[in-house]
Amino acid sequence: MSEWGFTVIQTNQSDMDQMDRGLIAKIGNAEPSIFWCIGCGSCSATCTAAQFNNFSPRRIIQAIRSGQVKDIMGEVNKCLLCGKCQLVCPRHVNTRNILLNVKQIMGQDAI
Amino acid sequence: MEQEGKKRIWSEYQKEIADDHYFYVRSCIRQTFFPGSETTFLKILRDDLSRDVFEDARHTTCTGIGYHTDIVPFETIMTIAARHFALMTEAGYVNFVPSCVTSFGIYTEILDTWKHFPEMEAKARDYLWTATRREFKIPDNLSHTSDIIYRFRNELAELSGHRLVNKNDGKPLKVVEHIGCHYAKMFPKCGVGGAEFPAVLSGMVEAWGGEVIDYPERRHCCGFGFRQYLIKANRGYSLSNSKKKFESMQPYQPDFIVANCPGCAMFLDRWQYTIAEMEGITYDKSGKGIPVLTYEELAGLIMGYDPWVMGMQMHQISVEPLLDKIGIVYNKKDKYLGSKGQYIGVPQPPHFLLQ
Ligand code: SF4
Ligand code: SF4
């Protein structure tokens, strides 16, 4: 970067070839409200954990829904499970339960 | 679908391309980065196809790059276009042929604006008269130079001595064709095949014996994008667009890339060097990169023109592997000789790209 003054920018597009639909199938079953999310970001704006780093529950929900779940566990572990996100959600998405389920499912898959 | 129906639909995607008597305007980017391309185009048209092409040394830049970076206002650029139309009118021509896809896009945009807003045309005429005491007629035909080569692709195939076939295995060469966004994405009716099925380059490749690769990011922008590139900190956007294309075309193992926009040809060629230096990656098996050609160079090659006279030593990616595949005889020693036979020096080799 320093040598060039610019660098390759990672894409924000969903790569269909990298898509993993396994997690959304399980989470959608356990907590169907994940499908109600409109990506407004109110949860991320309110999240206590997100005040201290680049954690974003909105981004996690988007990642699960678009099947881009490769590095998701490291992200989910930043959540304190306080439930503030759930209180502000205009769509009544149970974000806390989504994240709890990710921990449980991914934890089990790891075993 | 019935063949008849197919033909009828396809006819809607055709454009009229003038047959002769062209008023030719050069491209700032093309003559800088691919210095033999425009001479090759003129030579093919004049010597091989016996067409009349006129140039006026008073023609200037269209200022398209300044316009697309919000430095040159629309009133200014349309007055400059009006001046170029005036030079054409004064020379007695009606067929306007720009070499640059950026310029081509500018002219299509200005002509369309004048069609829908005649008061803007009146303004341009007024500004031009005030500044230069010139008047102009709107061209009868506006064709990009790649349209002209496309029109004569079959004649050139008959005249040519080479085919786009690998001489080692007799198979057609696999070609990535890249169309500049400003050719037909803004005004689809102005391009052969419109924005959806641009056939201007694929038509040439197929007529000359090659096989066009249909890869996922085929219609993706090369990333030039004017301000992405001009501001250094933003160049990553430009680079990443090209990288996306290279990654998408890589599995098809193209033998070369051909582009009709000089900006695209330049970026697809030079960014391969940058990506190789930054990440140690090349997109071909040999580690030499994928050669990138302008369509004039491609036409020149099949017509048997000397690659070094066409300025192909100016490419970042070496063209020799491609020349060898087609079976073009060239003199290795002439590569670094200038137009007067003088030695022009050998560039420093890159760290990763093999030469
Ligand atoms: S439950 Fe987790 S995601 Fe929701 S506000 Fe609390 S820390 Fe943030
Ligand atoms: S607040 Fe609710 S709707 Fe908005 S992004 Fe978060 S989960 Fe989705």
Side-chain angles (χ1 to χ4, degrees), chain A residues 1-28 34-35 37-41 43-45 47 50-76 78 102 106 109, chain B residues 69 181 213-252 263 266-283 289-290 316 348-353:
Chain A
M1 171 72 182
S2 54
E3 195 188 332
W4 295 89
F6 60 96
T7 187
V8 173
I9 293 161
Q10 295 310 315
T11 177
N12 285 331
Q13 275 181 298
S14 302
D15 184 343
M16 302 294 271
D17 289 338
Q18 306 288 326
M19 226 172 171
D20 178 353
R21 305 284 303 168
L23 191 60
I24 184 65
K26 287 179 187 164
I27 303 257
I34 189 168
F35 296 116
C37 171
I38 52 169
C40 69
C43 50
S44 300
C47 172
Q51 305 305 310
F52 305 107
N53 49 45
N54 64 357
F55 175 59
S56 162
R58 178 198 61 81
R59 206 165 47 224
I60 289 175
I61 291 177
Q62 300 290 333
I64 298 170
R65 286 183 26 170
S66 60
Q68 316 289 312
V69 297
K70 217 170 85 202
D71 305 315
I72 208 169
M73 205 47 190
E75 277 301 296
V76 171
K78 293 174 188 166
V102 174
M106 299 286 269
D109 284 354
Chain B
T69 38
C181 294
I213 292 172
D214 191 13
Y215 64 107
E217 301 293 359
R218 184 172 171 188
R219 297 289 163 236
H220 200 291
C221 170
C222 74
F224 179 5
F226 305 98
R227 76 184 88 182
Q228 274 110 289
Y229 179 71
L230 291 175
I231 297 168
K232 191 178 182 183
N234 288 351
R235 273 179 209 165
Y237 291 106
S238 179
L239 179 72
S240 306
N241 274 274
S242 290
K243 190 168 190 280
K244 186 185 268 286
K245 284 186 74 78
F246 295 138
E247 285 169 355
S248 175
M249 70 177 79
Q250 185 180 23
Y252 302 85
M266 138 71 182
F267 282 102
L268 292 172
D269 183 52
R270 308 303 201 267
W271 280 150
Q272 287 190 68
Y273 157 79
T274 309
I275 294 168
E277 292 287 317
M278 277 182 173
E279 301 191 340
I281 301 171
T282 63
Y283 295 95
I290 308 166
Q316 181 69 61
Q348 203 181 341
H351 292 105
F352 289 97
L353 271 175

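A, B, ... follow the sequence lines: proteins, then strands. Residue 1 opens every chain. Owing to the predicted nature of the structure, the values given are computational and were not obtained by experimental measurement.
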Proximal component of B/Lys232, with respect to chain A [non-hydrogen, under 4.5 Å]: both
Side chain / backbone / both / neither for B/Thr274 at chain A, heavy atoms under 4.5 Å: both
Closest non-hydrogen atom pair between B/Leu239 and A/Thr7, with its separation: CD2-C, 4.3 Å
Distance-minimising heavy-atom pair for A/Ile9 and B/Gly236: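 Residues A/Ile9 and B/Gly236, closest heavy atoms: CD1-C, 3.4 Å.
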B/Phe226, CZ atom: more than 12 neighbouring heavy atoms under 6.0 Å: yes
CD (A/Gln51) with more than 12 external heavy atoms under 6.0 Å: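 Yes, enclosed.
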Verdict with reasoning, B/Met278 to A/Phe6, per side chain to side chain contact (heavy atoms under 4.5 Å, CB included): CA-CA 10 Å; B/Met278 277 182 173; A/Phe6 60 96; 3.8 Å; yes
Side chain to side chain contact (heavy atoms under 4.5 Å, CB included) assessment of A/Trp4 paired with B/Arg235: CA-CA 9 Å; A/Trp4 295 89; B/Arg235 273 179 209 165; over 6 Å; no
